[in-house]
Amino acid sequence: MSLVRKAFKRLHYPVDIIAQCVRWYLAYSLSLRNLEEIMAERGIIVDHSTLHRWVIRMVPLLHKVFRRHKRRPGGRWRMDETYIKVKGQWKYLYRAVDSDGQTIDFLLTAKRDAAAALRFFRKAIRHHDEPEVVTIDKSGANTAALAELNAGREKDDCIKVRQSKYLNNLVEQDHRNIKRRIKLMTGFKSFRRAQTILAGIEIIHMLRKGQVQHPHGDGLSPAEQFYLLVA
């Protein structure tokens with residue numbers, strides 16, 4: 001698995017074991033110590049700190065590969081933010097899905113304001129082009145960010161903005177899949193580590209939603225698609 005070999009200068013464990021441990025940690029409600037015990041039952045002795053290092057090193061590489069094979073989402077976005085605890089303080093995970101529930105993008109920020117929302121929109125647009133419509137809640141920060149994007153444009157060229165709590169239930173429900181996975185983590189210890197692990201969890205979530213378009217991925221399960229990406 002070339003992605004595993006890129007992540008580590010020296011391999012003390014077989015590449016398939018490393019890939020499997022990373023996937024299990026990102027995909028299931030397991031702590032690192034849970035995973036350490038599971039591997040020990042299979043005769044593989046690996047410390048939880050080593051497992052953590054595997055995840056932190058592999059996810060950024062996996063994220064780059066995933067981006068290349070991600071299905072193009074729709075142009076009607078639902079955007080919202082949720083709370084994530086980092087070092088005992090609440091931070092904000094901005095997320096958007098299209099009208100079919102496909103993940104557009106995500107961004108962890110320290111603050112919940114117009115600047116953070118604008119940064120999220122610019123990141124999402126950079127990777128997916130501009131949406132036709134964005135549905136948001138009554139947040140003034142999100143409204144201000146979209147107003148900034150639309151500033152100076154002709155009316156026909158503006159991103160249409162809708163404010164509807166009901167329509168935004170789709171993205172709010174989607175948040176739950178991410179929050180469920182991090183429930184056992186009792187908060188992240190650093191902002192950068194939180195960004196990395198959340199990116200890995202989001203990738204697994206998108207794989208489950210069928211958001212990979214790989215030339216050899218037809219008919220494969222989400223787990224098989226994961227191993228295809230790291231191959």
Side-chain angles (χ1 to χ4, degrees), residues 1-70 82-91 93 95 103 106 108 174-212 214 216-217 219-231:
M1 294 185 179
S2 60
L3 199 69
V4 178
R5 297 186 187 281
K6 283 182 183 178
F8 305 97
K9 292 181 179 178
R10 298 179 195 145
L11 289 173
H12 300 290
Y13 292 84
V15 293
D16 57 333
I17 294 298
I18 295 173
Q20 185 178 61
C21 286
V22 170
R23 189 185 73 80
W24 282 0
Y25 179 68
L26 297 174
Y28 304 117
S29 297
L30 298 169
S31 69
L32 289 166
R33 292 186 184 276
N34 289 154
L35 187 54
E36 179 182 336
E37 290 178 13
I38 289 169
M39 299 312 293
E41 289 178 8
R42 286 158 174 76
I44 300 167
I45 306 303
V46 54
D47 189 75
H48 64 275
S49 61
T50 300
L51 293 167
H52 184 258
R53 187 171 67 253
W54 291 353
V55 173
I56 295 302
R57 289 191 181 179
M58 271 194 63
V59 167
L61 297 175
L62 177 63
H63 192 217
K64 289 180 181 178
V65 173
F66 181 86
R67 286 271 189 202
R68 294 202 297 268
H69 298 288
K70 185 181 178 184
T82 188
Y83 298 89
I84 302 291
K85 188 166 281 190
V86 180
K87 293 179 69 174
Q89 297 183 336
W90 290 112
K91 305 302 178 184
L93 180 63
R95 304 180 69 251
T103 301
F106 51 88
L108 184 67
D174 200 69
H175 289 334
R176 294 184 181 183
N177 294 288
I178 305 302
K179 299 291 284 283
R180 188 182 300 120
R181 171 59 197 94
I182 64 176
K183 189 175 181 180
L184 292 180
M185 292 182 175
T186 64
F188 296 99
K189 300 303 184 290
S190 79
F191 192 83
R192 183 171 293 182
R193 294 291 184 261
Q195 287 177 312
T196 300
I197 293 172
L198 285 167
I201 293 169
E202 291 276 9
I203 288 169
I204 295 293
H205 187 41
M206 287 186 279
L207 285 171
R208 286 171 172 159
K209 291 194 285 186
Q211 290 190 238
V212 163
H214 193 284
H216 305 295
L220 298 183
S221 69
E224 290 168 331
Q225 289 180 339
F226 176 90
Y227 296 126
L228 182 62
L229 291 176
V230 302

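FYI, the numbering just counts along the sequence from 1.
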Side-chain donor/acceptor pairs under 3.5 Å, residues 51-68, sequence neighbours excluded:
unit_1, atom_1, unit_2, atom_2, d
R67, NH1, D105, OD2, 3.4
R67, NH2, D105, OD1, 3.1
R67, NH2, D105, OD2, 3.3

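Between F226 and I204, the shortest heavy-atom contact is CD1-CD1, 3.8 Å.
Side-chain contact check for L26 versus I203: every heavy-atom pair is 4.5 Å or farther apart. With a 4.5 Å cut-off on side-chain heavy atoms, K91 and F191 count as touching. Using a 4.5 Å cut-off on side-chain heavy atoms (C-beta onward), T82 and R176 make no contact. The shortest side-chain heavy-atom distance between V230 and V15 does not fall under the 4.5 Å cut-off. Within the 4.5 Å cutoff, side-chain heavy atoms of L11 are placed close to those of R5. Looking at F188 and L198, their side chains come closer than 4.5 Å, going by heavy atoms from C-beta outward. Considering only heavy atoms from C-beta on, I17 comes within 4.5 Å of M39 through its side chain. Inter-residue side-chain proximity for Y25 and H48 is flagged as unmet; no heavy-atom pair is nearer than 4.5 Å.
Of the candidates K209, R208, R180, D174 forms a salt bridge (charged side-chain N to carboxylate O under 4.0 Å, His left out) with just one, namely K209.
Side-chain atoms of T50 and D47 form no donor-acceptor pair, as typed in the model, at a separation below 3.5 Å. No hydrogens or angles considered: nothing links the side chains of K183 and S29 as a donor-acceptor pair under 3.5 Å.
Qualifying side-chain hydrogen bond (donor to acceptor under 3.5 Å, both in side chains) partners for K87, counting only residues two or more places apart in sequence or in other chains: none. By the side-chain hydrogen bond (donor to acceptor under 3.5 Å, both in side chains) test, R192 is found to be paired with no residue, residues two or more places apart in sequence or in another chain being considered. Residues passing the side-chain hydrogen bond (donor to acceptor under 3.5 Å, both in side chains) test with R193: none are found, sequence neighbours excluded. Checked against side-chain hydrogen bond (donor to acceptor under 3.5 Å, both in side chains), Q20 has no partners two or more places apart in sequence or in another chain.
Side-chain atoms of Q211 come within 3.5 Å of backbone N or O of T103 as a donor-acceptor pair. Checking side-chain atoms of R42 against main-chain N and O of I38 turns up a donor-acceptor pair under 3.5 Å. Judged purely by atom type and a 3.5 angstrom limit, K179 uses its side chain to pair as donor or acceptor with the backbone of Y83. For the pair R181 (side chain) and A27 (backbone), a donor-acceptor distance under 3.5 Å is absent. Using modelled atom types, one side-chain atom of E224 and one backbone atom of S221 make a donor-acceptor pair closer than 3.5 Å.
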Would F106 and I178 satisfy side-chain contact (heavy atoms from CB on, under 4.5 Å), going step by step from the backbone distance to the final call? CA-CA 11 Å; F106 51 88; I178 305 302; over 6 Å; no

Between C21 and L35, does the side-chain contact (heavy atoms from CB on, under 4.5 Å) criterion hold? Intermediate values first, please. CA-CA 7 Å; C21 286; L35 187 54; 4.2 Å; yes

Would L93 and E202 satisfy side-chain contact (heavy atoms from CB on, under 4.5 Å), going step by step from the backbone distance to the final call? CA-CA 11 Å; L93 180 63; E202 291 276 9; 4.1 Å; yes

One pair to check against side-chain contact (heavy atoms from CB on, under 4.5 Å): I84 and I182. What are the steps and the verdict? CA-CA 9 Å; I84 302 291; I182 64 176; 3.3 Å; yes

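Sorted by first and then second residue, the salt bridge (charged side-chain N to carboxylate O under 4.0 Å, His left out) pairs with a member in residues 18-33 form an empty list; sequence neighbours excluded.
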